[in-house]
S.K.: 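Please see the structure below; I have some questions.
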Amino acid sequence: MADRIWNAAAYTRLSREDGDKEESNSIGSQREMIRAFVNGRADLVIVQEYVDDGYSGVDFERPDFKRMMDDIRAKKVDCIICKDLSRFARNYIDSGRYLEKIFPFMGVRFIAINDNYDSFGERTQADSLIVPFKNLINDAYLKDISMKIRSQLDIKRKMGDFIGAFCTYGYKKSPDNKNRLIVDEDAAKVVEMIFRLRLQGMSNTRIADKLNDMGILSPMEYKVSKGLEYRSGFRANERVLWSAETVRRILVNDIYVGTLTQHKRGTPNYKVKKEVRYDESDWIIIPRNHEAIIDQIDFDTVQSLLKRDVRVAPKKESVYLFSGFVYCGDCKHAMIRKTVKAKGKSYCYLVCSTHKARQGCTSHNFSETKLEKIVFTLVRDHIDQICEIERVMDYIASLPEHQREIFNYDAQITRLEQEIQRFQDLKLNLYSDMADGIISKEEYLEFRAGYDRKITARQHSLRQIQEERAQAVRDSEEEIPWIQMFRQYENITELHRTVLVNLIERIVIYDAQHIDVTFRYQDKFKAALEYIARFETAEEA
């Protein structure tokens, strides 16, 4: 065996992800060290070089390592030479398995130059301790680097930096800072069109068909057309077209209102490569992080529409006027449209879906034309109320702040601050009472806990009042989006789908005389009425 010639593989590896950044670890320097080591050695001949540049040592899923193992099985190679053990692997368990079991079983000699390790040489008791210990150190080093990288990436995410290879359709990386998103004007126009069509009543499938008919590239094809090496598991054909699912993913993505949501998925640790989805509580969400493409109100409206059961009219692109908005007052299920023909004319009615499916309830048969007239009248009346609210709030905003008094908010804040101070003083006096023997230690602890609870409760109330006051000031000084939403329809002459989508939450039919219409932003509407009522009460006082 002394004259045996070993067919050696020169194996080199470099990863930018596990901290291998030193110049001494470059592929070139590793190669030169291996060649210098072999030079002049009669028992070693390098028959092949294997290079995994850009691959982590955390596992053995590396292309050239796999190719080397294939050559070992084919008896082309029977010796592996590395600069050191860390170039071979940084995984303590797997590297030990190769060195202690797999290579000896296959008759492979392993040499790590800097670690002075040669499996063909004489083994000492120290080797059995030192080599596993070095592997353990390499594993620990990789773990430490991985934790530092993960921590640094989380810091960047929390600062609003975009961490990803490819931007969401509609955005691109800023040329000045690759971690900041800017609007891609061409793609943004398509995103705006998708939201507009959905608001107009077009289904996701019809939107996808329309985009394909217009020859607009799907997000994947658009990225490829921009020269990006983009790959996705959604590709099924040679050319990827728009689909209903692609449209849906755009419609539900809050990145288009300026919110950056990251850390949704990732690997559990540095050894496991399979991605998992993180809990929503672990997501990193930064509102108002970049320029929005879609208004928040339009986005919220679309989210509401996506939850509704809407039906597209046969051979038409848009849904029926009341589709997804009308519900039975008894069984609470949706009411559906039914057409009845009589004397050559068609009459449309809304009927309970439960009754039509013969599962109970009653028909609640209601004329679509009659419902349209009723809802139109209610919409006009509600808009008139909101316009009056806007007029009063504009008047309040025109007054000096001292005259507005912010409706006794200041008085409430002062009262709460005084109560907090009083309970804190009483709490301080408790110790003196206990020291003087007026109260026992048990009574002292009980009274102190009671004062702490009262202080905490009033501090909570104080924060709420301060937030309400700040919001009241903002609302009185700025244009209120929900009021503008209603006011834009101040002069409507007929009810159409856009009005319904933007202004109404749901319509409930109980019987022919009892219909309940719930408008959107009811909580804000009531809050505005209370705001005005507080002002009027303050003026009367």
Side-chain angles (χ1 to χ4, degrees), residues 8-35 37 46-74 76-77 79-103 106 108-115 117 131-132 134-153 163-166 178 228-233 265-276:
Y11 182 74
T12 56
R13 182 190 67 80
L14 183 69
S15 168
R16 297 297 178 184
E17 294 181 356
D18 64 5
D20 302 335
K21 298 181 180 180
E22 300 87 351
E23 180 61 31
S24 60
N25 276 339
S26 70
I27 296 296
S29 67
Q30 292 179 56
R31 183 185 292 117
E32 290 303 317
M33 177 176 285
I34 294 172
R35 288 176 179 175
F37 176 80
I46 297 177
V47 296
Q48 187 62 269
E49 292 183 350
Y50 302 88
V51 180
D52 280 319
D53 194 0
Y55 289 88
S56 173
V58 69
D59 58 34
F60 291 94
E61 295 299 314
R62 313 172 215 150
D64 256 29
F65 180 84
K66 291 180 177 181
R67 186 168 66 89
M68 180 176 68
M69 292 303 297
D70 289 339
D71 288 347
I72 289 173
R73 296 185 188 95
K76 297 178 182 178
V77 172
C79 177
I80 300 173
I81 305 175
C82 297
K83 175 194 170 186
D84 53 46
L85 289 168
S86 70
R87 297 306 93 205
F88 174 66
R90 290 190 183 275
N91 187 311
Y92 168 67
I93 296 175
D94 288 344
S95 60
R97 186 164 58 88
Y98 271 94
L99 295 180
E100 300 296 331
K101 293 183 179 180
I102 297 176
F103 289 161
M106 301 177 75
V108 175
R109 180 180 180 182
F110 182 83
I111 300 171
I113 300 170
N114 278 355
D115 293 312
Y117 177 81
V131 172
K134 286 185 175 181
N135 284 332
L136 185 60
I137 290 175
N138 288 330
D139 195 315
Y141 175 76
L142 181 58
K143 180 180 180 180
D144 181 61
I145 290 295
S146 175
M147 291 175 63
K148 288 178 179 177
I149 291 174
R150 285 170 181 259
S151 176
Q152 186 61 33
L153 290 178
I163 307 297
F166 302 99
K178 67 177 182 179
L228 301 175
E229 296 182 5
Y230 183 77
R231 298 290 182 271
S232 171
R265 56 177 60 84
T267 55
N269 57 55
Y270 69 105
K271 290 187 178 182
V272 180
K273 293 301 181 183
K274 184 179 180 181
E275 280 197 344
V276 297

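Just so you know, these numbers come straight off a predicted model, no measurement behind them.
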S.K.: Considering only heavy atoms from C-beta outward, does the side chain of Asn114 approach that of Phe37 to under 4.5 Å?
M.R.: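 Sidechains of Phe37 and Asn114: no contact.
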S.K.: With rounding to the nearest 0.5 Å, note down the distance linking CD1 in Ile163 to NZ in Lys178.
M.R.: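 The NZ atom of Lys178 is 8.5 Å from CD1 of Ile163, to the nearest 0.5 Å.
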S.K.: For Asp115 versus Asp84, what's the shortest heavy-atom pair and its separation?
M.R.: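 For Asp115 and Asp84, the tightest heavy-atom pair comes out as OD2-CB, 3.3 Å.
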S.K.: Going from CD1 on Ile27 to OG1 on Thr12, what distance comes out if it is rounded to the nearest 0.5 angstrom?
M.R.: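 With rounding to 0.5 Å, CD1 (Ile27) is 4.0 Å from OG1 (Thr12).
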S.K.: Ignoring hydrogens, what is the shortest heavy-atom contact between Ala8 and Val77? Give both atom names and the distance.
M.R.: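 Here Ala8 and Val77 meet closest at C-CG1, 4.4 Å.
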S.K.: I need the Ile111 CD1 to Ile34 CD1 distance, nearest 0.5 Å.
M.R.: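 Interatomic distance, Ile111 CD1 to Ile34 CD1, rounded to 0.5 Å: 10.0 Å.
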S.K.: Mind checking the CD1-CD1 spacing from Ile72 to Ile80? Nearest 0.5 Å is all I need.
M.R.: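 One finds 4.0 Å between CD1 of Ile72 and CD1 of Ile80.
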S.K.: Can you name the residues that form a ring pair (Phe, Tyr, Trp, His ring centres under 6.0 Å) with Phe60, not counting sequence neighbours?
M.R.: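 If we apply the ring pair (Phe, Tyr, Trp, His ring centres under 6.0 Å) test to Phe60, skipping adjacent residues, the hits are Phe65, Phe88, Tyr98.
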S.K.: What's the verdict on side chain to side chain contact (heavy atoms under 4.5 Å, CB included) for Arg97 and Ile102, showing C-alpha distance, side-chain angles and the deciding distance?
M.R.: CA-CA 6 Å; Arg97 186 164 58 88; Ile102 297 176; 3.4 Å; yes
S.K.: Is any side-chain heavy atom of Arg35 closer than 4.5 Å to a side-chain heavy atom of Glu49?
M.R.: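 Counting from C-beta outward, Arg35 and Glu49 do come under 4.5 Å.
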S.K.: Are any of the side-chain nitrogens in Arg67 or Asp64 under 4.0 Å away from the carboxylate oxygens of its partner?
M.R.: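 Looking at Asp64 together with Arg67, the answer is yes, because their closest N to O distance falls below 4.0 Å.
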S.K.: My understanding is that only residues two or more places apart in sequence, or in another chain, count here; which of them pass side chain to side chain contact (heavy atoms under 4.5 Å, CB included) with Lys76?
M.R.: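 Side chain to side chain contact (heavy atoms under 4.5 Å, CB included) check on Lys76 returns Asp71, Ala74.
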S.K.: Could you check whether any side-chain heavy atom of Tyr11 comes within less than 4.5 Å of a side-chain heavy atom of Asp52, counting everything from C-beta outward?
M.R.: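 Yes; the side chains approach each other to less than 4.5 Å.
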S.K.: Closer than 3.5 angstrom, by distance alone: can the side chain of Asp70 be matched with the main-chain N or O of Arg73 as a donor-acceptor pair?
M.R.: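 It does not hold such a pair.
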S.K.: Quick one: closest heavy-atom pair of Arg13 and Arg62, and the distance?
M.R.: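 Closest heavy-atom pair between Arg13 and Arg62: CD-NH1, 3.7 Å.
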S.K.: Drop me the distance from Ser95's OG to Phe110's CZ, to the nearest 0.5 angstrom.
M.R.: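 Result: 9.0 Å between the selected atoms.
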S.K.: Taking side chain as C-beta onward, heavy atoms only, is Lys83 less than 4.5 Å from Arg31?
M.R.: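 Lys83 does not reach Arg31 side chain to side chain.
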